[in-house]
Amino acid sequence: QVELEESGGGSVQAGGSLRLSCLASGYTYGRYCLTWFRQAPGKEREAVAGINADGGTSYGDSVKGRFTISEDNAKKTLYLQMNSLKPEDTAMYYCALISGGDNYCTYIPASLYDHWGQGTQVTVSS
């Protein structure tokens, strides 16, 4: 059974940093995408950063240069290092997994992802 569990959210002032973690267990896909999404109240779910089984990464335009996605395969953990945070980064952040995947995980619509975590809240104050 696939399980995804996010942690690391919190409140931070603009310009600060946070690192999110997602413990991903129970899957044995040879090819996959693990992707961070976020959703702010009243807005659509947005792909933030994704990584595929080959280690290829992709980012949403709004976070390029500020966020970094990485994966520790031994720990089955996905990370999102978020620097230079802005108030507009405030949202619930989710990790999601899809088998197969693509070279550019952030291009895959959220509706196609098979598994989701419960989310972790990030709040950035000005």
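None of these values were measured; they are calculated from a predicted model. Just so it is clear, the values below take in all heavy atoms, side chains as well, and ignore hydrogens, waters and symmetry mates.
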Check the side chains of Tyr59 and Thr106 for a donor-acceptor pair under 3.5 angstrom, ignoring hydrogens and angles. no

What I'd like to find out is whether the side chain of Ile98 reaches to under 4.5 Å of the side chain of Leu112, using heavy atoms alone. yes

Report yes if some heavy atom in the side chain of Trp36 is under 4.5 Å from a heavy atom in the side chain of Phe67; otherwise report no. no

Backbone N or O of Gly56 within a donor-acceptor pair of the Asp54 side chain at under 3.5 Å? no

Shortest non-hydrogen contact from Gln121 toward Thr123: NE2-OG1, 3.5 Å

Between Ala14 and Ser126 the two heavy atoms that sit nearest each other are CB-CA, 4.3 Å

Evaluate the side-chain proximity of Thr120 to Ser7: yes if any heavy-atom separation is below 4.5 Å, no if none is. no

Hey, are the side chains of Val63 and Arg38 touching, using non-hydrogen atoms and a 4.5 Å cut-off? yes

Could you give me the CA-CA distance, side-chain angles and deciding distance for Ser62 and Glu46, then say whether side-chain contact (heavy atoms from CB on, under 4.5 Å) is met? CA-CA 10 Å; Ser62 61; Glu46 171 191 18; 3.2 Å; yes

Mind checking the CD-SG spacing from Glu6 to Cys95? Nearest 0.5 Å is all I need. 4.0 Å

Is it true that Asp89 and Lys86 have a side-chain N and a carboxylate O under 4.0 angstrom from each other? no

Is any side-chain heavy atom of Leu34 closer than 4.5 Å to a side-chain heavy atom of Glu71? yes

I need the Ser58 OG to Ile69 CD1 distance, nearest 0.5 Å. 7.5 Å

Would you check if Tyr27 and Leu4 make a side-chain contact, meaning some heavy-atom pair closer than 4.5 Å? no

Treating Ile, Leu, Val, Met, Phe, Trp and Tyr as nodes and any side-chain heavy-atom pair under 4.5 angstrom as an edge, say whether Val48 and Ile108 lie in one connected cluster. no

Is the shortest heavy-atom distance from the side chain of Tyr79 to the side chain of Ser21 under 4.5 Å? yes

Quick one about Glu5 and Ser25 (side-chain donor to acceptor, distance below 3.5 Å, no hydrogens or angles considered), yes or no? no

Face-on cation placement of Arg45 at Tyr94 ring, 6.0 Å and 45° thresholds: yes

Taken to the nearest 0.5 Å, the spacing of Asn103 CG from Thr57 OG1 works out to 11.0 Å

Smallest heavy-atom separation, Ala110 atom then Trp116 atom, equals O-CZ2, 3.3 Å

Hydrogens and angles aside, do Asn83 and Ser17 bring a side-chain donor and acceptor to less than 3.5 Å of each other? yes

Answer with yes or no whether the hydrophobic clustering places Met92 together with Phe37; edges join I, L, V, M, F, W, Y residues whose side-chain heavy atoms lie under 4.5 Å apart. yes

Restricting to non-hydrogen atoms, name the atom on Ala40 and the atom on Ala91 that form the minimum distance, rounded to 0.1 Å. N-CB, 3.9 Å

Just jot down the side chain to side chain donor-acceptor pair (under 3.5 Å) partners of Lys43, sequence neighbours excluded, or say none. none

Are a donor atom and an acceptor atom from the side chains of Arg19 and Thr68 found within less than 3.5 Å of each other? no

So, Thr90 side chain and Glu88 main chain: donor-acceptor pair closer than 3.5 Å or not? no

Same apolar cluster: Tyr29 and Leu78, side chain cutoff 4.5 Å: yes

Should Gln39 and Tyr93 count as side-chain neighbours, where that means a heavy-atom distance under 4.5 Å? no

Intermediate values then yes/no, side-chain contact (heavy atoms from CB on, under 4.5 Å), Leu20 and Val122: CA-CA 9 Å; Leu20 305 183; Val122 172; 4.0 Å; yes

Side-chain hydrophobic cluster, 4.5 Å single linkage: members besides Tyr107: Tyr104

dist Arg66:CZ -> Ser84:OG (nearest 0.5 Å) comes out at 7.0 Å

For Tyr113 and Cys105, run side-chain contact (heavy atoms from CB on, under 4.5 Å): C-alpha distance rounded to whole Å, both residues' side-chain angles, the deciding distance at 0.1 Å, then the answer. CA-CA 10 Å; Tyr113 277 78; Cys105 299; 3.9 Å; yes

In sequence, state the C-alpha distance, the side-chain angles, and the governing distance for Leu97 and Asp114, and then conclude on side-chain contact (heavy atoms from CB on, under 4.5 Å). CA-CA 6 Å; Leu97 171 69; Asp114 303 306; over 6 Å; no

